[in-house]
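Remarks on the structure that follows.
Both backbone and side-chain heavy atoms feed into the values below; hydrogens, waters and symmetry mates do not. Read the numbers this way: they start at 1 and go in the same order the structure lists the ligands and their atoms.
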Amino acid sequence: MTASAPERPTTRRVVRILVVGLLVVIAAIAAARGYQVLAPSSSTAAAPTDVLRSQHREVPPSTAPSIDVPRTEPRVRGEPRGALGEADGAIPDGTTVFAGRVPGVANLDPALLGALRRAATDAASDGVTFYVDSGWRSRTYQEQLLREAVSKYGSKKEAARWVATPATSAHVSGDAVDIGHTDATRWLSDHGRRYGLCQIYGNEPWHYELRREAVDQGCPSMYADPTRDPRMQP
Ligand SMILES: [Zn+2]
């Protein structure tokens with residue numbers, strides 16, 4: 001008799017603890033599920049399609065599309081991703097615009113590369129180094145980016161709005177370069193026009209192309225994002 005009386009509250013307390021514990025577990029599972037559900041859309045918002053790397057995380061998140069390799073994904077860089085290696089335009093870590101033997105740099109349009117190297121030489125006296133995140137890319141590389149975009153956006157037509165095709169990509173033709181790090185893109189933003197180097201897309205502060213007329217006239221107005229670029233229309 002005496003034993004059963006104190007037992008009740010104890011049992012009740014145990015049950016209460018179990019219930020609370022169960023609720024915590026359920027909440028945790030719900031939170032995890034919620035995160036999984038949210039993750040793709042939030043990563044889409046924070047990470048334009050065609051971006052490559054961590055330095056660019058300082059760039060404010062944008063929902064605008066980007067023609068560069070997804071920067072939240074591991075960079076292609078020196079380590080081949082799938083079948084892709086340096087021969088397809090993967091860029092080893094620490095590659096600068098002066099790297100002569102890296103195809104991703106060496107296959108850039110000579111006029112663009114010359115302008116980049118002149119600018120980089122002058123930037124060096126300000127203590128700034130121009131690293132190359134992505135330069136020339138093979139059609140195979142671009143096709144892989146496009147394939148990834150097709151699986152993401154559901155159709156080739158839609159994907160082509162977000163990721164350049166091998167036919168439309170300025171990287172494939174060697175006419176575009178993605179520059180890092182942030183100090184370099186900031187330097188180019190301030191001084192690039194003197195070398196004919198212009199940012200083309202508002203949402204891609206790292207993507208530069210040569211616009212020779214910029215030396216005299218200044219850079220042309222930027223497109224907000226690649227979907228506004230007539231060259232990108234499929
Ligand atoms: Zn680019």
Side-chain angles (χ1 to χ4, degrees), residues 46-62 64-77 81 84 86 88-92 95-97 99 102-109 111-113 115-116 119-120 130-146 148-149 159-182 184-189 192 195-211 214 219-220 222-233:
T49 332
D50 168 38
V51 197
L52 290 173
R53 94 151 151 313
S54 52
Q55 286 91 336
H56 294 306
R57 290 198 182 131
E58 299 160 41
V59 171
S62 165
S66 159
I67 59 168
D68 288 316
V69 179
R71 279 178 166 75
T72 49
E73 288 177 15
R75 269 291 224 183
V76 176
R77 293 269 169 184
R81 187 173 68 175
L84 295 175
E86 282 186 35
D88 281 301
I91 303 285
T95 298
T96 72
V97 295
V102 177
V105 175
N107 292 344
L108 286 171
D109 168 59
L112 170 62
L113 191 52
L116 282 169
F130 286 9
Y131 292 98
V132 177
D133 288 346
S134 191
W136 166 84
R137 300 197 283 248
S138 72
R139 295 180 68 87
T140 307
Y141 187 163
Q142 196 67 32
E143 274 158 12
Q144 174 167 320
L145 294 177
L146 193 57
E148 291 168 358
R161 294 183 65 232
W162 301 77
V163 176
T165 67
T168 61
S169 172
H171 283 281
V172 171
S173 63
D175 293 313
V177 65
D178 297 341
I179 290 290
H181 308 162
T182 308
T185 55
R186 202 173 290 140
W187 195 96
L188 276 172
S189 176
Y195 308 85
L197 296 169
C198 295
Q199 182 183 338
I200 304 301
Y201 305 115
N203 69 330
E204 294 189 9
W206 53 84
H207 178 107
Y208 272 79
E209 298 183 23
L210 186 66
R211 295 288 182 271
C219 288
M222 289 180 219
Y223 300 109
D225 60 65
T227 65
R228 313 298 172 93
D229 183 347
R231 298 178 299 173
M232 293 298 128
Q233 301 314 311

Residue Asp178 atom name (nearest to the Zn ion (ligand 1); N/O/S):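 Asp178's closest N, O or S atom to the Zn ion (ligand 1) is named OD1.
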Between atom CE of Met232 and atom OH of Tyr223, what is the distance when rounded to the nearest 0.5 Å? 9.5 Å
Do any of the N/O/S atoms of Glu204, backbone or side chain, fall under 2.8 Å from the Zn ion (ligand 1)? no
When you measure from the side chain of Ser169 to the backbone of Pro166, do you find a donor-acceptor pair of N or O atoms at a distance under 3.5 Å? no
Can you give the angle His207 ND1 - the Zn ion (ligand 1) - His171 NE2, rounded to 10°?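 ND1 of His207 and NE2 of His171 make an angle of 110° at the Zn ion (ligand 1), to the nearest 10°.
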Just to verify, what does Ser138 make a side-chain hydrogen bond (donor to acceptor under 3.5 Å, both in side chains) with, not counting sequence neighbours? Asp88
I'd like to know if the side chain of Thr168 pairs up with that of Thr165 as donor and acceptor (distance under 3.5 Å, no hydrogens or angles considered).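 Side chains of Thr168 and Thr165: pair found under 3.5 Å.
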